[in-house]
Amino acid sequence: GAVVSQHPSWVICKSGTSVKIECRSLDFQATTMFWYRQFPKQSLMLMATSNEGSKATYEQGVEKDKFLINHASLTLSTLTVTSAHPEDSSFYICSAMGTSGIEQYFGPGTRLTVT
Amino acid sequence: GEDVEQSLFLSVREGDSSVINCTYTDSSSTYLYWYKQEPGAGLQLLTYIFSNMDMKQDQRLTVLLNKKDKHLSLRIADTQTGDSAIYFCAEKLGTALIFGKGTTLSVSS
């Protein structure tokens, strides 16, 4: 099956710093990737849709200047949390649309803790 | 309703069948999905069904779709302790997936 990786798997950073999370599709090309945020014991909240070579589409209420998304190639999308605050602490999960446009494959997630 | 609804918990004994139910929101959803999430991990795609199908079976998994009632179910036959996880249903609207809050399945031996 299709594999999506994320790096790092967990990160601790200080308030005010920026953190970059990478999402890679390892064995397929993904023109569309998605970034989700998941709070403990809750569902996934779609943050943005990332299309290769174009600007990301952000969901309502998600600050695009705080959560910078870059989809520079067909296998890599990055999410940068800028000027992180403790309330940004969360589990961030990316997914990539398979070539059929039907399946969506998820990465293992990145646990961000802002101190 | 506006949300994808799922019951929060299900507890079964090993060897029994598990049935997880979901009610989705939009009759124009093209595909409906079931994902499994183990603690601290991402989501694993288990199966999906096209909206014009009523049923799909894949080994121990059976998906039933009632489009009229916007109801989706996942049946796991011969449930094992390794099936303990959170199960999310999701509907596809455009390119995005809209998820339910997840059902925690607990399997006791």
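Letters A, B, ... mirror the listed sequences (proteins, then strands); counts begin at 1. Every value quoted in this text rests on a predicted model; they were computed, and no experiment measured them.
The hydrophobic cluster containing B/Leu61 also contains B/Leu10, counting ILVMFWY residues as joined when their side-chain heavy atoms lie under 4.5 angstrom apart, directly or transitively. The hydrophobic cluster containing B/Leu74 does not contain B/Leu64, counting ILVMFWY residues as joined when their side-chain heavy atoms lie under 4.5 angstrom apart, directly or transitively. B/Phe50 and B/Leu32 end up in the same hydrophobic cluster when Ile, Leu, Val, Met, Phe, Trp and Tyr side chains are linked at under 4.5 Å. Both A/Ile21 and A/Val62 are members of a single hydrophobic cluster when ILVMFWY side chains are connected at heavy-atom separations under 4.5 Å. In this structure, A/Leu79 is not a member of the same hydrophobic cluster as A/Met33, with clusters built from ILVMFWY side-chain heavy atoms closer than 4.5 Å.
Both the backbone and the side chain of A/Ile102 come within contact range of chain B, with heavy atoms under 4.5 Å apart. The contact between B/Leu43 and chain A is made by backbone and side chain atoms together, counting heavy-atom distances below 4.5 Å.
Applying the disulfide bond (SG atoms under 2.5 Å apart) rule to pairs touching residues 36-81 of chain B yields nothing, sequence neighbours excluded.
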Which donor-acceptor pairs lie under 3.5 Å between chain A and chain B?
unit_1   : atom_1 : unit_2   : atom_2 : d
A/Gln38  : OE1    : B/Gln37  : NE2    : 3.0
A/Gln38  : NE2    : B/Gln37  : OE1    : 3.0
A/Ser43  : OG     : B/Gly100 : O      : 2.5
A/Gly101 : O      : B/Lys92  : NZ     : 3.2
A/Ile102 : O      : B/Tyr33  : OH     : 2.5
A/Glu103 : OE2    : B/Tyr48  : OH     : 3.4
A/Gln104 : O      : B/Tyr35  : OH     : 2.6
A/Pro108 : O      : B/Gly42  : N      : 3.2

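Rounded to the nearest 0.5 Å, atoms CG (B/Leu97) and CG (A/Leu44) are 9.5 Å apart.
For A/Lys66, the NZ atom sits in a packed shell: over 12 heavy atoms of surrounding residues, nucleotides or ligands are nearer than 6.0 Å.
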